[in-house]
Amino acid sequence: MNTSEFRRRGKEMVDYVANYMEGIEGRQVYPDVEPGYLRPLIPDSAPQEPDTFEDIINDIEKIIMPGVTHWHSPYFFAYFPTASSYPAMLADMLCGAIGCIGFSWAASPACTELETVMMDWLGKMLELPKAFLTENAGEGGGVIQGSASEATLVALLAARTKAIHRLQAASPELTQAAIMEKLVAYSSDQAHSSVERAGLIGGVKLKAIPSDGNFAMRASALQEALERDRAAGLIPFFVVATLGTTTCCSFDNLLEVGPICNKEDMWLHVDAAYAGSAFICPEFRHLLNGVEFADSFNFNPHKWLLVNFDCSAMWCRQLVPILRLKKTCFVSVGVRRSQ
């Protein structure tokens, strides 16, 4: 495909997308297909010669669209909202054209600096504590992650690194393995399954705190679990509080849980993936009260803010524990701030 054909096909694709969006309510929301429907309809190996653009578009309509769940249909009410908009689609197109890999400042200065500035914009819209903003030249800042699942994992790994460094500084004879087998993290029993997966990947114990009648994690239940685990020789180090659970949009009590985490020197990560966008509205901002106790905070603009997936915004009060992760694994958060 040369430049001339790209111009022509690009306009055709824009027309196809616009027609799709305008007529989406006429499409069946959930596909009427069985698992494995697609394989018999396409070749069992990659073609040796390219298909025409027209044939590909026809295949999309005849083969792909019958198996698509139309998340943007006005009749779609499952899971949670996923955002999209014409400006976001155009921005996605430009990003694809530039194609930079922004893993450091030197790799693409504008990529890093624009992200940093706009994360500050977003943090101000949420009225996050100034410690989370980069413009104050402090220790914190925000970076875009791929998903809230990724953000939770990054936070847990950072908290684990911080705990290991603290304990080894006090007792140099302790090995990392000896510490990790005693580390324990906590979340509400209403937390997303990705929190449990983060514990598994991070190689630490994760315990679910029973929620109250409003499906919220409360201080009393958390304190009871901490006392029991410390008595058993375990080391509590990480708590995930959810603001807007996927199951029923319940809210853990940050104003109760936060002070306990600070007192017990445990990393508090706030997962507001679902409901976080609402905190921009002044009438809902009170639901975020207590975030001043958090070490990290995350929500998904790609749910309510008309930004295409994937755009999961994460802020950390201190990036040093995140930066230490570079010594053992590659993660996106903090790497861009390392220059």
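- Here the closest non-hydrogen pair linking D295 and F132 is O-CE2, 3.8 Å.
- At most 12 heavy atoms of other shown residues, nucleotides or ligands fall within 6.0 angstrom of atom CZ in F6.
- The shortest distance between side-chain heavy atoms of T247 and F215 does not fall below 4.5 Å.
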Tell me, with the steps shown, if F297 and L126 meet side chain to side chain contact (heavy atoms under 4.5 Å, CB included).
CA-CA 11 Å; F297 171 80; L126 293 164; 3.9 Å; yes
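- Here E54 pairs with R9 in a salt bridge; the nearest charged N to carboxylate O distance falls below 4.0 Å.
- Side-chain contact of S250 with T245: a donor-acceptor pair under 3.5 Å is present, judged by distance alone.
- When side chains are defined from C-beta on, L122 counts as touching M125, because their heavy atoms get closer than 4.5 Å.
- Here the closest heavy-atom approach between residue F238 and residue A159 is recorded as CD1-CB, 3.5 Å.
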Evaluate Y186 against L226 for side chain to side chain contact (heavy atoms under 4.5 Å, CB included), listing each step before the verdict.
CA-CA 9 Å; Y186 305 88; L226 294 178; 3.4 Å; yes
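- Using a distance-only test at 3.5 Å, with no hydrogens or angles considered, no donor-acceptor pair links the side chain of E224 to the main chain of L222.
- In summary, the side chains of N300 and S312 do present a donor paired with an acceptor at a separation below 3.5 Å, with no hydrogens or angles considered.
- A 6.0 Å sphere centred on CE of M93 holds no more than 12 heavy atoms belonging to other residues, nucleotides or ligands.
- A salt bridge links R166 with D265: the closest approach of a Lys/Arg side-chain nitrogen to an acidic carboxylate oxygen falls below 4.0 angstrom.
- Ring planes of Y20 and H70: tilted class, angle from 30 to 60°.
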One pair to check against side chain to side chain contact (heavy atoms under 4.5 Å, CB included): I201 and L156. What are the steps and the verdict?
CA-CA 10 Å; I201 295 171; L156 182 141; over 6 Å; no
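- Enclosure of atom OH in Y16 by more than 12 non-hydrogen atoms of other residues, nucleotides or ligands within 6.0 angstrom is indicated.
- Side-chain N/O atoms of S147 and D310 include no donor and acceptor closer than 3.5 Å.
- With N253 contributing its side chain and L255 its backbone, the two residues share a donor-acceptor pair below 3.5 Å.
- The nearest pair of heavy atoms linking A278 to W304 is CB-CZ3, 3.4 Å.
- Two different hydrophobic clusters hold L90 and Y86 under the rule that ILVMFWY side chains link at heavy-atom gaps under 4.5 Å.
- Put simply, the side chain of T152 does not reach to within 4.5 Å of the side chain of H192, judged on heavy atoms.
- Closest heavy-atom contact between Y37 and I63: OH-O, 3.0 Å.
- Below 30°, between 30° and 60°, or above 60°: for H302 and F309 the angle between ring planes is between 30° and 60°, a tilted geometry.
- Distance alone, capped at 3.5 Å, is enough to place a donor-acceptor pair between the N262 side chain and the F293 backbone.
- Contact detail for P210 and A221: the closest heavy-atom pair is O-CB, 3.9 Å.
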Show, in sequence, the C-alpha distance, side-chain angles and deciding distance for T116 and M119, and conclude whether the side chain to side chain contact (heavy atoms under 4.5 Å, CB included) test is met.
CA-CA 5 Å; T116 301; M119 287 294 288; 6.0 Å; no
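- Heavy-atom neighbours of Q48 CD from other residues, nucleotides or ligands within 6.0 Å: at or below the threshold of 12.
- Here L288 contributes atom CG and F299 contributes atom CZ; the two are 10.0 Å apart, rounded to the nearest 0.5 Å.
- The neighbour count for D32 CG, taken as heavy atoms of other residues, nucleotides or ligands under 6.0 Å away, does not exceed 12.
- Atom CD of Q223 has more than 12 heavy atoms from other residues, nucleotides or ligands within 6.0 Å.
- Other residues, nucleotides and ligands contribute more than 12 heavy atoms inside 6.0 Å of the CG atom of L200.
- Note that the CD atom of E181 and the CD1 atom of I235 stand 9.0 Å from one another [nearest 0.5 Å].
- The 12-atom threshold is exceeded at NZ of K205, counting heavy atoms of other residues, nucleotides or ligands nearer than 6.0 Å.
- N214 places no side-chain N or O within 3.5 Å of a backbone atom of A216 that could act as its donor or acceptor partner.
- Of all the heavy atoms in R285 and V291, the pair that sits closest is NH2-CG1, 4.2 Å.
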